[in-house]
Amino acid sequence: MKTIMMVGARLSREFIAIFLFLAVAVLILMLHKMEVLEFQQEVNINIPVPRVSTDPDMHQGFCTFQPLSPEDAVEEILLLETIAWPEPPLLPAPLSLDQTSHPAHSSFTILPGRGGGRWHVGDQLEVLIKMSDFQGRPKKFGGDFLLAKLHNQKLGAGVAGQVVDHLNGSYSAVFSLLWEGDAQVQVMLVHPSEAIPVLNRLNSEQPDRIYFKSVFRSGSLSETTICNVCLRPTQQPLCNYTDLHTGEPWFCYKPKKLSCGARVSHAKGGFKENLEANEKKLLQSRVNMKVYIPASGPASVPVLPKNQGQAEVKSSIVASGPSGYYYKGAWRALDGTTVHQFNTTSAISQCLKGKVVHMYGDSTIRQWFEFLSAALPDLKWFDLHTQKQAGPLMALDYANNILVKYRCHGPPIRFAKVLTTEHHYIANDLDDVTGGTNTVVVLGIWSHFGTFPMEIYIRRLQNIRRAVVRLLDRSPGTLVVIRTANPKALWLYETLTNSDWYSLQRDKVLRVMFKGLNVHLIDAWEMVLAHNLPHSLHPQPPIIKNMIDVLLTSVCPQKGS
C-alpha cells in the first residue's frame, strides 16, 4: 500500500508539473495573441514539419526546420496566425474564370461623410469595395488581395489606405485625410481570392522551384551540384552545411568525386515553373493581377482645411493609421518624428561624420549603399575584389571618418555568384559588431525567402532578433534600423517567386517579430505604395532618397524631432 501511495504521489506531482507547464504556455499564447490581434484573420495554414535526422549523411526531409525552444514554438504558432488568410470555396474542375474575381466588373464607392459630405484635414475617408466575378455576379466570400491609396499628383501627396475584409465579397478601405485639396482614391486588385491558395500550395509543395547550385573544385577537377534548404530525397548523399552557431540549414547533393569540403561558390541555379495550365488563368497581368478597380461614382473628394473646434470624423473599423505620407514629394512621419531633408553632400557628410554603417541584407539594402556612395563624392569604394552584386562592399570617406559596409545575407540568396568564404549569416555578423554610439546597423531581409514555407523565414528572423538583442545589451547606444518589404511589379515569373502576397506575409511577420525592441523601422511598404511612381522591387531614386532621409533622421535626430 505504501508503494502504491508513493507512486500515486509521484504521478500527482508529475501531473501538476505538466498542468502548470501547459497553463504557462497558454498564458504566453494569450498574451502574445493580444499583441498581434490587429493582423489576425479567420483561417489556419497547416504546413507539415518533417522530422530532422541527426545523421549528417541522411536526407533531412524535404524541408528542414531548425528545432525550436518551447517559447519560440509558441511564437511561431502565433506568427502563423497573424498571416492566416481567408480561404475561398473549392472551385470546380476544370477551372473557369467565370466565378473568380474580376477587377473590371468590381467597383468602389466613396461613402458619404458626416456633415453634408464635406471632408476636412484630420478626418478619415471610408470607401466601400464590392467584388464581382467575370460574369458580373457579386462575390459572396472574401480573400481578395487588395491595395489602396489616396493621392494628389500635383501636390506630390499620397498615403496608403487600410483595407478591411468583411468576408462576404465586400471590403472597406480607410484613408487618413492629411492634406488640403483634392484627394484621389485608387484601389488595386493584386490577386483574386482564388489565386491565394495556388500561391500557398506552391510554397508547401514546391519550395524548391527556385534551386541553387554550388561549384566544388580541387585542382583541375570541378563538379557542380544542386543545393537548397529543401532538397527532394534521392539516392545521392548530402553535404550538410547547417550553420553551427545559428542552426540555419543548408544542403547540397554530394559531388561524385569530390568531398563536401571542396565547395567554392554558390549561385542561383534556375527556376521550375510547375504550374498547372488552368492556374495560370488566375495570375494574368493586366487581367486579374495588379489591376485597378473602377469607381462607381466620383473617385475623389475635396479636402477642406482642418475644422477648428469640431471633432474629427474617424472610421470605426480601423484602430490604427498609416505610418506616414508624402507631401510635395517628401515623406512625413506620423509618429511625432520630423523627417529632415538631407539635400546636400555636406548635410549627409556632417550627419555620418565619425560613423561606421553596417548594411546587411538583400539588393534592396545594397541600393542604400549605392545611393550613399553616389551622393557623397568623397565616399570612395574600396576594391575588395568581390562581386558587386553580392559583395562584401566597402566605401570610405577618410577625411570625415565615414565607413559604410554592405554584405549580403546568407543562403537562400539568388545572386549570380557568391563565394562560400563570403557566405555569412546576419546573426553571426551582428555578434562580431562592437557597437556604440557611432555605429549604425541596417538590416533588410525578405525578398529571397518568398518561395519557402514561412517557418524558414521565422527561424531566420528569430536568430537575427536574438543577435540584435545581444548587440543592444552590450552596446545600448548602437542604432539598429530595419527596412521592411515593399510591393513590386508583377508578371508570372515574379509572382511565382516573389508575389506581393508573399512579401506582405513576410512583412507582417517582420513587424510583429521586432515589435517592442529598440529598433527603428523604415516602412518601405507604405513608402512605395503611397508614391505615384510604379511599384518596383528596387524603388526608383525619389523613393530611395526619402528612405535615406528617414534613415539619416534616425542617425542625426534634431531638436523637436
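Scope of the values below: all heavy atoms of this structure, side chains included, with no hydrogens, waters or symmetry mates.
Inter-residue side-chain proximity for Tyr360 and Val441 is flagged as met; some heavy-atom pair is nearer than 4.5 Å. You'll find the side chain of Ile365 stays beyond 4.5 Å of the side chain of Leu443, heavy atoms only. Side-chain contact check for His520 versus Val440: every heavy-atom pair is 4.5 Å or farther apart. Counting only heavy atoms from C-beta outward, the side chains of Trp368 and Ile544 approach each other to under 4.5 Å. Two residues are said to be in side-chain contact when any heavy atoms from C-beta on lie closer than 4.5 Å; Phe108 and Tyr171 fail this criterion. A heavy-atom distance below 4.5 Å is not found between the side chains of Leu304 and Val121. In this structure, Phe342 and Ile548 have side chains that are not in contact, with every pair of non-hydrogen atoms separated by 4.5 Å or more. Lys140 places none of its side-chain heavy atoms less than 4.5 Å from the side chain of Met131.
The existence of a salt bridge linking Lys272 and Asp208 is confirmed by a sub-4.0 Å separation between a basic side-chain nitrogen and an acidic carboxylate oxygen. For Glu75 and Arg465, the salt-bridge test passes: some basic side-chain N is under 4.0 Å from an acidic carboxylate O. Between Glu370 and Arg366, at least one side-chain nitrogen of the basic residue sits less than 4.0 Å from a carboxylate oxygen of the acidic one, meeting the salt-bridge criterion.
Partners of Phe452 under the ring pair (Phe, Tyr, Trp, His ring centres under 6.0 Å) rule, at least two apart in sequence or in another chain, do not exist in this structure. Applying the ring pair (Phe, Tyr, Trp, His ring centres under 6.0 Å) rule to His191 yields no partners; only residues at least two apart in sequence or on another chain are considered. In terms of the ring pair (Phe, Tyr, Trp, His ring centres under 6.0 Å) criterion, residue partners of Phe369 (sequence neighbours excluded) are, by chain and number, Trp381. In terms of the ring pair (Phe, Tyr, Trp, His ring centres under 6.0 Å) criterion, residue partners of Phe134 (sequence neighbours excluded) are, by chain and number, His102.
Closest approach of Leu178 and Leu334 over heavy atoms only: CD1-CD1, 4.0 Å. Closest heavy-atom contact between Leu167 and Pro86: CD2-CG, 3.4 Å. When every heavy atom of Val127 is checked against every heavy atom of Ile110, the shortest pair comes out as CG2-CG1, 4.1 Å. Minimum interatomic distance between Val190 and Leu490 (heavy atoms only, all atoms of both residues): CG1-CD1, 4.1 Å. Closest non-hydrogen pair, Val159 versus Ser176, comes out as CG1-O, 3.7 Å.
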Starting from the C-alpha separation in whole Å, work towards a yes-or-no answer on side chain to side chain donor-acceptor pair (under 3.5 Å) for Asn203 and Arg209.
CA-CA 9 Å; Asn203 275 17; Arg209 60 189 181 278; 2.6 Å; yes

Could you go step by step and tell me if Arg466 and Asp72 meet the salt bridge (charged side-chain N to carboxylate O under 4.0 Å, His left out) rule?
CA-CA 11 Å; Arg466 281 189 282 267; Asp72 286 347; 2.7 Å; yes

Report the C-alpha distance between Thr451 and Leu202 in whole Å, list the side-chain angles of each, state the deciding distance to 0.1 Å, and finish with yes or no for side chain to side chain contact (heavy atoms under 4.5 Å, CB included).
CA-CA 8 Å; Thr451 56; Leu202 290 174; over 6 Å; no

List the steps and the verdict of side chain to side chain contact (heavy atoms under 4.5 Å, CB included) for Leu472 and Val468.
CA-CA 6 Å; Leu472 294 176; Val468 167; 3.9 Å; yes

Quick one: do Glu526 and Lys149 satisfy salt bridge (charged side-chain N to carboxylate O under 4.0 Å, His left out)? Show the steps, please.
CA-CA 9 Å; Glu526 287 194 16; Lys149 76 173 181 181; over 6 Å; no

Applying side chain to side chain donor-acceptor pair (under 3.5 Å), run through Ser106 and Ser132 and close with a yes or a no.
CA-CA 5 Å; Ser106 305; Ser132 296; 4.9 Å; no

Starting from the C-alpha separation in whole Å, work towards a yes-or-no answer on salt bridge (charged side-chain N to carboxylate O under 4.0 Å, His left out) for Asp362 and Arg483.
CA-CA 11 Å; Asp362 54 34; Arg483 182 201 193 278; 6.0 Å; no

Step by step, would you call Glu76 with Leu68 a side chain to side chain contact (heavy atoms under 4.5 Å, CB included)?
CA-CA 9 Å; Glu76 181 181 90; Leu68 295 178; 3.4 Å; yes

Where do Asp133 and Gln99 land on the side chain to side chain donor-acceptor pair (under 3.5 Å) test, with the steps shown first?
CA-CA 5 Å; Asp133 62 22; Gln99 295 177 299; over 6 Å; no

Given side chain to side chain contact (heavy atoms under 4.5 Å, CB included), test Ile458 with Leu80 step by step and report yes or no.
CA-CA 9 Å; Ile458 288 173; Leu80 291 175; 4.2 Å; yes

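If you take CG on Asp523 and CG on Asn486, they are separated by 10.0 Å, rounding to the nearest 0.5 Å. Considering CD1 of Ile482 and CD1 of Ile445, their distance stands at 11.0 Å, rounded to 0.5 Å. The distance from atom CG of Leu283 to atom OG1 of Thr495, rounded to the nearest 0.5 Å, is 6.0 Å.
Taking the six-membered ring for Trp, Trp331 and Tyr326 have ring centres closer than 6.0 Å. For an aromatic pair to be called close, the ring centres must be under 6.0 Å apart, and His448 with His409 satisfies this.
Evaluated for a side-chain contact (heavy atoms from CB on, under 4.5 Å) with Val313, the options Leu125, Asp123, Leu177 yield exactly one hit, Asp123.
Residue pairs meeting the salt bridge (charged side-chain N to carboxylate O under 4.0 Å, His left out) criterion with at least one member in residues 284-308, sequence neighbours excluded, are Lys290-Asp500, Lys306-Glu312. Residue pairs meeting the salt bridge (charged side-chain N to carboxylate O under 4.0 Å, His left out) criterion with at least one partner in residues 183-202, sequence neighbours excluded, are Lys139-Glu194, Arg201-Glu205, Arg201-Glu279.
Side-chain atoms of Ser315 and Gln124 include no donor-acceptor pair closer than 3.5 Å. A donor atom on one side chain and an acceptor atom on the other are not found under 3.5 Å apart for His538 and Thr364.
Taking a 6.0 Å sphere around NZ of Lys281, one finds it holds more than 12 heavy atoms contributed by other residues, nucleotides or ligands.
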